[in-house]
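Chain identifiers are assigned alphabetically (A, B, ...) following the order of the sequence lines, protein sequences preceding nucleic acid strands; residue numbering begins at 1 within each chain. Treat the numbers as computed from the prediction; the structure is a model and nothing was measured.
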Amino acid sequence: MPRITLPDGKVLDFPAPVTGLMVATAIGPGLARKAIGVKLDGTEIRDLARPIESDCALKVITARDDDPDALFLLRHSAAHVLAEAICALHPGTRLAYGPPVEDGFFYDLKPPQPISEADFPAIEAKMQEIVAANRPFVRCEYTAADGLARTQDDKYKRDNAERALQKGDSKLSFYVSGQPGKDWEDLCAGPHVPSTGWLKASKVMAVAGAYWHGDQASDQLTRVYGTCFADEKTLKVHLHRLEEAKRRNHRKLGKEMHLFHLEEDNPGQVFWHPRGWSIYVTLMDYMRHKQREHGYVEVHTPSVMARSLWERSGHWEKYRENMFTTESEKRDFAIKPMNCPGHLLIFKQGLKSYRDLPMRIAEFGSCCRNEASGALHGILRVRGFVQDDAHILCTDAQVESEVVNFCRMLTAVYADFGFPAERIGVKLATRPDKRIGDDASWDKSEKALGDAVAAAGMRYTLSPGEGAFYGPKLEFTLFDAIGRGWQCGTIQLDSNLPGKDRLDATYVAEDGSRKNCVMLHRVILGSLERFLGILIEHFEGKFPLWLAPEQVRILPISDAQLGFARTIRDRLAARGMRVTVDEKADMLGAKVREARLQRVNYFAVVGQKEVEASAVALQNQAGEKLGSFVLDAFEARLLQEIDEKRLPASVAS
RNA sequence: GCCGAAGUAGCUCAGCGGUAGAGCAACGCUUUCGUAAAGCGUAGGCCGUGGGUUCGAUUCCCACCUUCGGCUCCA
């Protein structure tokens with residue numbers, strides 16, 4: 001006799017087991033028409049047609065794009081429609097696994113022939129056919145034996161079934177899209193929407209490879225990505241957002257704006273052009289300044305270090321495959337993939353007292369890592385990069401305050417780049433299965449990091465098991481102007497590397513004894529290459545004035561104003577600004593167009609009128625005409641905007 | 001590294017067994033112009049690299065390199 005509690009607190013009593021649909025109907029026929037599933041006790045999503053036998057809290061899930069539960073149901077069901085369509089078009093296709101994911105769903109399968117984008121229109125047409133037929137999703141349950149028998153010839157489904165049974169399920173469920181025995185079926189735990197007709201706003205997005213169980217040594221499968229929304233309008237918005245991401249692509253903008261290039265013969269290494277390097281240097285200068293403010297000392301350590309040092313640090317053993325190595329006079333060397341050993345070697349010079357701690361050692365460390373060729377990605381994932389790296393050597397007792405300090409510094413830095421607190425996500429990555437150190441010390445260090453984040457006024461979520469083998473870490477993700485997340489900053493607690501068995505970094509404590517330091521590895525921007533790539537996409541190449549490679553372009557109307565234009569350029573350049581004059585014989589319209597496309601922040605038109613008034617007619621990148629400015633006012637305006645690090649309206653919140 | 005797709009002028013792209021095409025950019029000349037493209041002309045190519053098939057390959061086949069989309073990885 002189930003007693004159902006609704007979200008508003010109302011209680012419905014039923015004399016016998018009911019289905020979600022019956023509950024929805026009891027609430028109202030309108031709701032029943034819109035219902036696609038129910039959620040029990042805030043955890044289990046269930047088909048509308050399945051019986052509910054015991055008391056529970058129940059939410060009716062309707063087809064809405066702002067409800068993650070609804071999207072889960074729609075996308076999980078759309079994955080079935082996709083799989084059915086592919087099976088119909090490519091008989092002999094083996095199905096593996098088709099879950100909903102962020103932004104859509106995928107289905108891993110093994111078709112007899114490769115599937116490519118050219119097949120999408122046919123797949124989508126078939127899917128629309130299945131949707132138009134509006135066939136019900138019917139759940140069929142079998143005993144373990146019967147269910148296993150149904151998956152007998154299918155390696156992947158058999159494996160899924162066995163895993164479900166291992167997990168403790170007593171029955172195996174299949175979902176038929178239509179009539180059992182007649183229509184397509186798939187082993188699946190569910191849940192699903194009532195019928196295929198709900199899945200109108202679906203689209204096949206991409207095809208890629210994937211491994212069975214994510215294991216490189218296992219079968220290679222074809223992964224077909226799709227997405228589905230409740231409303232076709234939301235699908236359009238989603239597709240529009242993808243277009244937007246394409247427009248912001250840092251590789252495209254980097255080329256258009258002459259920031260950098262990548263050389264085919266030298267994969268994974270960036271050639272920075274004058275304009276790109278200008279931004280890069282501004283980033284470094286800025287961080288150098290911030291680090292000084294926060295009590296860091298800057299150092300520089302060798303790019304190539306001997307194998308013996310990497311053996312002592314443990315890197316040779318663990319990361320040998322990903323290190324570039326070289327040899328001289330029969331000794332092995334490696335190009336540094338990290339800066340920490342070098343920083344510890346600096347720390348170890350001379351005797352350190354507890355009074356010297358914490359010691360914050362920073363370096364714009366140029367590192368090389370031999371990343372797998374397939375992992376390279378524009379300037380976001382490269383083999384040669386520079387980090388705003390630093391290592392804080394301190395005592396256990398100092399960890400928490402150092403982390404608080406770091407979080408505050410990081411928040412201030414991110415805000416200057418257009419990522420205010422609400423655009424920062426924090427994760428605490430805790431102890432992994434494979435780890436060193438006892439549980440008591442893990443308890444202590446995880447708590448220290450968590451407390452520090454809270455003390456800095458930030459919220460975090462847990463990322464269980466994702467910590468480094470030597471200690472927990474905090475990971476900071478930035479959400480850009482179109483909502484994409486990029487992990488940048490991190491701080492990791494490490495007592496392994498400075499420990500006795502590794503590089504043995506010690507200090508003399510108050511009581512005269514020698515103690516080992518603990519170390520915090522930390523970056524804020526991370527790889528400058530990557531961070532700059534993210535900034536390009538975040539700003540769509542329209543950098544704030546303080547970062548912009550070309551802040552002002554003077555546009556003379558005719559050659560008669562060239563001299564005046566050059567005078568203005570020299571004057572602003574003397575104040576440290578990045579200014580050019582467009583000396584081409586083009587007409588003004590062409591010069592304006594060019595300047596806007598190049599994303600120059602300000603363009604100052606000078607004609608006869610301006611020469612006479614010693615002024616400029618100003619326009620900004622957005623195309624707003626700002627009127628006439630005499631030179632003093634013009635210069636003051638620019639300097640103030642640079643000084644404030646003012647952000648463009650597109651990201652200011 | 002693995003799976004799929006792609007690589008043609010500086011850029012964006014067309015062509016696809018028979019002498020390599022456009023627009024923009026560049027360069028030259030004319031124009032000196034008031035807020036998103038002045039006009040005319042010139043030059044520009046180992047059609048990613050290597051092999052094969054063919055009378056003939058940018059085009060078809062194979063291998064490799066690089067890039068892109070994923071997977072795996074990311075100290």
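The CG-C1' distance, from Leu109(A) to rG4(B), rounds to 13 Å in whole Å. Trp212(A) has its CH2 atom 19 Å from the P atom of rC3(B), to the nearest Å. Taking atom CD1 on Ile557(A) and atom C1' on rC33(B), their separation rounds to 8 Å, with Å as the unit. Rounded to whole Å, the distance from CZ on Arg553(A) to C1' on rU35(B) is 14 Å. Atom CG in Asp582(A) sits about 16 Å away from atom P in rC33(B), given to the nearest Å. Computed from coordinates, the His258(A) NE2 to rC24(B) C1' distance equals 12 Å when rounded to whole Å. Here the C1' atom of nucleotide rA36(B) and the CG atom of Leu588(A) are 10 Å apart, to the nearest Å. One interatomic measurement links the two molecules: NE2 of His261(A) to C1' of rG10(B), which rounds to 12 Å at whole-angstrom precision.
Relative orientation of the His315(A) and Tyr319(A) rings is tilted, given thresholds of 30° and 60° on the angle between their planes.
Remark: nothing in residues 300-310 of chain A comes within less than 4.0 Å of RNA chain B through any heavy atom.
Each of Ala617(A) and Asp559(A) lies near RNA chain B, and the nucleotide nearest Asp559(A) is the one positioned closer to the 5' end.
rU8(B) and rG4(B) are spaced 22 Å apart, taking the C1' atom of each and rounding to whole Å. Comparing rG21(B) with rG45(B), their C1' atoms sit 11 Å apart, to the nearest whole Å. Taking the P atoms as reference points, rC60(B) lies 14 Å from rA5(B), given to the whole Å. Taking the C1' atoms as reference points, rG44(B) lies 14 Å from rA22(B), given to the whole Å. Distance noted for atom C1' between rU19(B) and rC46(B): 16 Å (whole Å). The same atom, P, is picked in rU58(B) and in rG18(B); the two are 11 Å apart, to the nearest Å. Taking atom C1' on both rA26(B) and rG7(B), the two are 24 Å apart, rounded to the nearest angstrom. Separation of the C1' atoms belonging to rA37(B) and rU31(B) is 15 Å when rounded to the nearest angstrom.
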| How does protein reach along nucleotides 25-30 of chain B, written 5' to 3' as B (base within reach of a heavy atom under 4.0 Å), S (only sugar-phosphate), or - (no contact)? | ------
| query | Can you give one letter per nucleotide of nucleotides 65-75 of chain B, 5' to 3': B if a protein heavy atom sits under 4.0 Å from the base, S if only from the sugar-phosphate, - if neither? | reply | BSSSBBBSBBB
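The nucleotide whose nearest atom lies closest to any side-chain atom of Ala590(A) is, among rA37(B), rG34(B), rC11(B), rA37(B).
Contacts classified as side chain to side chain donor-acceptor pair (under 3.5 Å) and involving residues 613-625 of chain A (residues at least two apart or in different chains) are given here: Asn620(A)-Glu624(A). Applying the salt bridge (charged side-chain N to carboxylate O under 4.0 Å, His left out) test to pairs two or more places apart or on separate chains, those with a residue in residues 92-111 of chain A are Asp103(A)-Arg241(A), Asp108(A)-Arg223(A). Screening residues 483-495 of chain A for salt bridge (charged side-chain N to carboxylate O under 4.0 Å, His left out) gives Asp480(A)-Arg484(A), Arg484(A)-Glu537(A) as the qualifying pairs, with residues at least two apart or on separate chains. Within the structure, salt bridge (charged side-chain N to carboxylate O under 4.0 Å, His left out) pairs that include any residue of residues 601-621 of chain A do not occur (at least two apart or interchain).
The side-chain contact (heavy atoms from CB on, under 4.5 Å) check on Arg383(A) picks up Pro267(A), Gln269(A), Phe324(A), Asn370(A), Glu371(A), Ser373(A), Leu376(A), with sequence neighbours excluded. Scanning for side-chain contact (heavy atoms from CB on, under 4.5 Å) contacts around Arg637(A) gives Tyr602(A), Leu618(A), Leu626(A), Phe629(A), with sequence neighbours left out. With sequence neighbours left out, the side-chain contact (heavy atoms from CB on, under 4.5 Å) criterion links Ser463(A) to Lys427(A), Ala429(A), Glu466(A). Residues satisfying the side-chain contact (heavy atoms from CB on, under 4.5 Å) criterion with Ser495(A), sequence neighbours excluded, are Val518(A).
Side-chain contact, His213(A) with Asp159(A): a donor N or O sits under 3.5 Å from an acceptor N or O.
Taking the ring centre of Trp310(A) as origin, the terminal cationic atom of Arg307(A) falls outside the region bounded by 6.0 Å and 45° from the ring axis.
Put simply, the side chain of Glu641(A) does not reach to within 4.5 Å of the side chain of Gln551(A), judged on heavy atoms. Proximity of Thr301(A) to Leu345(A): side-chain heavy atoms (C-beta onward) are nowhere separated by under 4.5 Å. Taking the side chain as every heavy atom from C-beta outward, Phe347(A) and Leu503(A) never approach each other to under 4.5 Å.
Remark: RNA chain B takes part in the stems B:1-7 with B:65-71, B:10-13 with B:21-24, B:26-30 with B:38-42, B:48-52 with B:60-64, each of 3 or more antiparallel Watson-Crick or G-U pairs, criterion distances under 3.5 Å.
Among the heavy atoms of the strands, none lies under 4.0 Å from Lys591(A).
Residue Ala96(A) comes nearest to Tyr107(A) through the heavy atom pair N-CE2, 3.9 Å, listed as atom of the first residue, atom of the second, then distance.
Taking only distance into account, the side chain of Glu610(A) meets the base of rG34(B) through a donor-acceptor pair shorter than 3.5 Å.
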